A.B. asks: 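Mind looking over this structure? Questions follow.
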Amino acid sequence: MLQVNSIKENYQTVLAGLEKRNFPEADTTLTQVLDIDQKRRETQTERDQLQAESNSISKQIGMLMKEGKKDEAEKIKSRTAEIKGLIKDLENRYDEFEQELTQLLYTIPNIPHENVPAGKSAEDNEIVLEEGQIPTLGEDKMPHWDLIKKYDIIDFDLGAKISGAGFPVYKGKGARLQRALINFFLDEATAQGYNEVQPPIVVNEASGYATGQLPDKEGQMYEIAADGLFLIPTAEVPITNLYRDVIVSENDFPIKNVGFTPCFRREAGSWGAHVRGLNRLHQFDKVEIVQITHPDKSYEALEDMSSYVQGLLKKLELPYRVLRLCGGDMGFTSALTYDMEVYSAAQERWLEVSSVSNFETYQSNRLKLRFKGDDKKTTLAHTLNGSALALPRIVASILENNQTENGIRMPKVLVPYLGFDIID
RNA sequence: AGAGGAGUGGCAGAGUGGUCGAAUGCGGCGGUCUUGAAAACCGUUGUACCGCAAGGUACCGGGGGUUCGAAUCCCUCCUCCUCUGCCA
């Protein structure tokens, strides 16, 4: 969430940023934030003064008791009763203001970076570059949902039986392909200096709030109500939360972690032809990269992560394009996001396979993730993350783009991981 | 899951109702000494909020309570350890 101080100090910038996001009634909301904060601070000052008085009386009583002047002590006691009530009231007021403030701040999205294009929807996203040759397939080309049946590598019906729609079962070479991709992605990231972690795939409420999935999107997550836990929608949640309430040393930057996890999304309200096959699932596999950086270095890191992801797509021989998301399409918590899309040649569509974002201090403020520099001052760090990569759509386009009469040719880079070079 | 024990500053570890934000040791930082280093010695060493400042307030696992006053007493939740049970 945004910091009140930054709203105060950069009011016009924040306002313009919210307008770029088409955030309604931005001015009213921001004024309200400052107003509540003002009241909160005034209440604190008042409360602290009374508390100080009360503390000093208590000390006096202590001294008097020690000296055996019980009567005098009793006399002063009566004075404290009044103060006590006042403090209680102020405390309640303070808590209310603070809660109100937090609730309000939760509704305000991150401020877009200046390079974020204005726009309302996906139509307005800016295509940064397009790379790779789009294959031309014959008339008999098949979409991946037919290919997986033909070669019996992924089974939706079976998954539906044991779990429900959107929970596929990977079989034989299909399962092997999953494992190969996961290992390939992890090896590549590790080679780039990312530290591999294996986090839990359920998280508590505090973690959900810290990275911004709560309170906004609880409907998107599967909830284990009996235990107050949520199935993660992305490894971003547990991996970033590793650093909740942590003060790192400036020398530790950049902190780079990579992790593979299954991801779970309820995707309530999504249906239709676009979600057929592997295009949208309730459970899918993803390798996620997360960086924590010095504020001065985060955009450098973002470019670095973007080109890293592009490198993966090149190695997989997939045609792709990079989009810079517009203000209206960007995620709530992001300041700048690149989406990577691969071309799926039988569906004849671009499919999003990665989203790389810089959150600046939006997450770290909730996380209380700070760093200490040589000057000993603590400052909020910047957090970034990106998919590297999400598997299902990668699989979809590998299957579709590489189909031949004799079977589906596998990208060379995967062959050592697969132990075969064709699915037939 | 049941029984018992424990959670204090970066770590270790005192403190069981009153100048305790907290002894002491280790570690860290600064200095003296030294050609340099070590040792020794001296000093310093948590976080957040309010305040122009002086200063103040809060925090001893989380939350609540008792009391003029709580690290210390009570309730509750969480976590860890030991034993028993169960189990990949």
Side-chain angles (χ1 to χ4, degrees), chain A residues 1-9 33-105 198-210 214 224-230 238 241-253 255 261-262 361 363-381:
Chain A
M1 76 189 154
L2 297 181
Q3 300 163 83
V4 176
N5 279 342
S6 105
I7 295 175
K8 206 187 301 180
E9 283 158 27
V33 166
L34 295 184
D35 181 52
I36 296 169
D37 180 60
Q38 175 72 20
K39 288 189 202 152
R40 198 204 92 231
R41 286 180 2 250
E42 282 167 7
T43 311
Q44 185 183 341
T45 304
E46 214 176 320
R47 181 202 64 189
D48 284 358
Q49 275 168 6
L50 280 173
Q51 190 60 253
E53 192 180 340
S54 165
N55 286 348
S56 119
I57 292 175
S58 289
K59 265 183 194 168
Q60 281 181 50
I61 292 175
M63 306 246 259
L64 290 170
M65 298 288 263
K66 235 180 210 167
E67 294 165 23
K69 299 176 181 167
K70 266 208 159 157
D71 298 351
E72 279 186 52
E74 283 303 322
K75 254 185 245 168
I76 312 183
K77 267 192 201 178
S78 61
R79 270 196 264 158
T80 58
E82 188 190 355
I83 297 177
K84 233 180 147 186
L86 290 173
I87 290 176
K88 192 86 190 160
D89 285 352
L90 287 166
E91 210 134 68
N92 291 338
R93 280 243 310 253
Y94 180 87
D95 289 346
E96 274 167 37
F97 285 138
E98 188 163 53
Q99 228 177 54
E100 214 179 315
L101 186 63
T102 308
Q103 290 305 317
L104 198 56
L105 287 171
Q198 229 182 84
I201 59 172
V202 294
V203 293
N204 56 28
E205 217 177 46
S207 297
Y209 273 98
L214 295 173
I224 307 167
D227 300 293
L229 297 169
F230 296 87
N241 268 283
L242 257 25
Y243 297 90
R244 172 150 52 88
D245 292 318
V246 168
I247 300 176
V248 300
S249 157
E250 192 172 353
N251 305 323
D252 296 339
F253 289 143
I255 295 169
T261 67
T361 59
Q363 288 184 330
S364 59
N365 189 31
R366 287 196 196 180
L367 287 158
K368 297 209 197 75
L369 163 54
R370 292 156 297 171
F371 69 93
K372 194 178 274 196
D374 291 336
D375 55 359
K376 302 234 173 179
K377 272 173 66 178
T378 54
T379 314
L380 292 176

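Letters go in sequence order (proteins before strands), and every chain restarts at 1. Because only heavy atoms are used, hydrogens play no part in the values below, and waters and symmetry mates are left out as well, while side chains stay in. Computed from a predicted structure; not experimentally measured.
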A.B. asks: How many angstroms lie between atom CG of A:Leu101 and atom CD1 of A:Ile36, to the nearest 0.5 angstrom?
C.D. replies: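 Nearest 0.5 Å value for the CG-CD1 distance: 6.0 Å.
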A.B. asks: A:Ile76 has an atom CD1; how far is it from atom P of B:G18, in whole Å?
C.D. replies: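 So the CD1-P distance, A:Ile76 to B:G18, works out to 18 Å.
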A.B. asks: Measure the distance from NZ on A:Lys377 to P on B:U47 and round it to the nearest whole Å.
C.D. replies: 13 Å
A.B. asks: Just N and O in the side chain of A:Arg40: are any of them under 4.0 Å from OP1 or OP2 of B:C49?
C.D. replies: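 A:Arg40 to B:C49 OP1/OP2: no side-chain N or O under 4.0 Å.
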A.B. asks: Is there a Watson-Crick or G-U wobble partner for B:G7 with both distances under 3.5 Å, and if so, which one is it?
C.D. replies: B:C78
A.B. asks: Does B:C68 have a Watson-Crick or wobble mate here (both distances under 3.5 Å), and if so which one?
C.D. replies: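 Check on B:C68: paired to B:G18, both distances under 3.5 Å.
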A.B. asks: Take atom NZ of A:Lys88 and atom P of B:U67, then tell me their distance rounded to the nearest Å.
C.D. replies: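 Whole-Å distance recorded here is 12 Å.
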A.B. asks: Determine which nucleotide pairs with B:A40, using a 3.5 Å limit on both distances of a Watson-Crick or G-U wobble pair.
C.D. replies: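 Pairing partner: B:U32.
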A.B. asks: Do any side-chain nitrogens or oxygens of A:Arg47 fall under 4.0 Å of OP1 or OP2 in B:U57?
C.D. replies: no
A.B. asks: Taking atom C1' of B:U19 as reference, at what distance in whole Å does atom CD1 of A:Ile57 sit?
C.D. replies: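 Interatomic distance, CD1 of A:Ile57 to C1' of B:U19: 16 Å.
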A.B. asks: Just checking A:Lys59: base, sugar-phosphate only, or nothing, at a heavy-atom cut-off of under 4.0 Å?
C.D. replies: nothing
A.B. asks: Assign A:Lys39 to base, sugar-phosphate, or nothing according to its heavy-atom contacts below 4.0 angstrom with the strands shown.
C.D. replies: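 Nothing, no nucleic acid heavy atom in range.
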A.B. asks: Find the distance A:Asn5:CG to B:A48:P and express it as a whole number of Å.
C.D. replies: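 Rounded to the whole Å, the gap is 13 Å.
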A.B. asks: Could you state the atom-to-atom distance from CD of A:Gln51 to C1' of B:G69 in whole Å?
C.D. replies: 11 Å
A.B. asks: Checking A:Asp48 against A:Thr45: is there a side-chain donor and acceptor pair closer than 3.5 Å?
C.D. replies: no
A.B. asks: Classify the nucleic acid contact of A:Gln44 as base, sugar-phosphate or nothing, counting any heavy atom under 4.0 Å across all strands shown.
C.D. replies: base
A.B. asks: Could you work out which one of B:C49, B:G51, B:G18 sits closest to the side chain of A:Arg41?
C.D. replies: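 Of the options given, the side chain of A:Arg41 lies nearest B:G51.
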A.B. asks: From C-beta outward on A:Met63, which listed nucleotide comes closest to its side chain: B:G56, B:C68, B:U19?
C.D. replies: B:U19
A.B. asks: Using atom types as modelled and distance alone, determine if a side-chain donor or acceptor of A:Ser54 lies under 3.5 Å from a backbone N or O of A:Leu50.
C.D. replies: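 The answer is no, because no donor-acceptor pair under 3.5 Å joins these two groups.
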A.B. asks: Applying a 3.5 Å limit to both distances, which nucleotide forms a Watson-Crick or G-U wobble pair with B:U47?
C.D. replies: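 Looking at the geometry, B:U47 pairs with B:A58.
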A.B. asks: Between C1' on B:G65 and NZ on A:Lys84, what's the gap in Å once rounded to a whole number?
C.D. replies: 11 Å
A.B. asks: Send over the distance from A:Ile83 CD1 to B:G69 C1', rounded to a whole Å.
C.D. replies: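 From A:Ile83 CD1 to B:G69 C1': 13 Å.
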A.B. asks: Using heavy-atom distances to pick each residue's nearest nucleotide on RNA chain B, tell me which of A:Ser56 and A:Ala81 is more 5'.
C.D. replies: A:Ser56
A.B. asks: Please tell me which of the listed nucleotides, B:G69, B:G65, B:G51, lies nearest to the side chain of A:Ser58?
C.D. replies: B:G69
A.B. asks: Is a salt bridge present between A:Arg93 and A:Asp89, judged by a nitrogen-to-oxygen distance below 4.0 Å?
C.D. replies: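 Judged by the 4.0 Å cut-off on N to carboxylate O distance, A:Arg93 and A:Asp89 do not form a salt bridge.
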A.B. asks: Applying a 3.5 Å limit to both distances, which nucleotide forms a Watson-Crick or G-U wobble pair with B:A1?
C.D. replies: B:U84
A.B. asks: Please determine if a side-chain N or O atom of A:Thr378 lies less than 4.0 Å away from the OP1 or OP2 oxygen of B:A48.
C.D. replies: yes
A.B. asks: Does A:Lys372 make a side-chain N or O approach to OP1 or OP2 of B:G28 shorter than 4.0 Å?
C.D. replies: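 No, no such contact exists.
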A.B. asks: Output the single nucleotide from B:C68, B:C49, B:U57 whose closest atom is nearest the side chain of A:Ala52.
C.D. replies: B:U57
A.B. asks: Tell me, do A:Ile7 and A:Asp37 make a side-chain contact under 4.5 Å, heavy atoms counted?
C.D. replies: no
A.B. asks: Measuring to OP1 and OP2 of B:U57, would you say a side-chain N or O of A:Asn55 lies under 4.0 angstrom away?
C.D. replies: yes
A.B. asks: Any side-chain N or O of A:Asn204 less than 4.0 Å from the OP1 or OP2 oxygen of B:C78?
C.D. replies: no
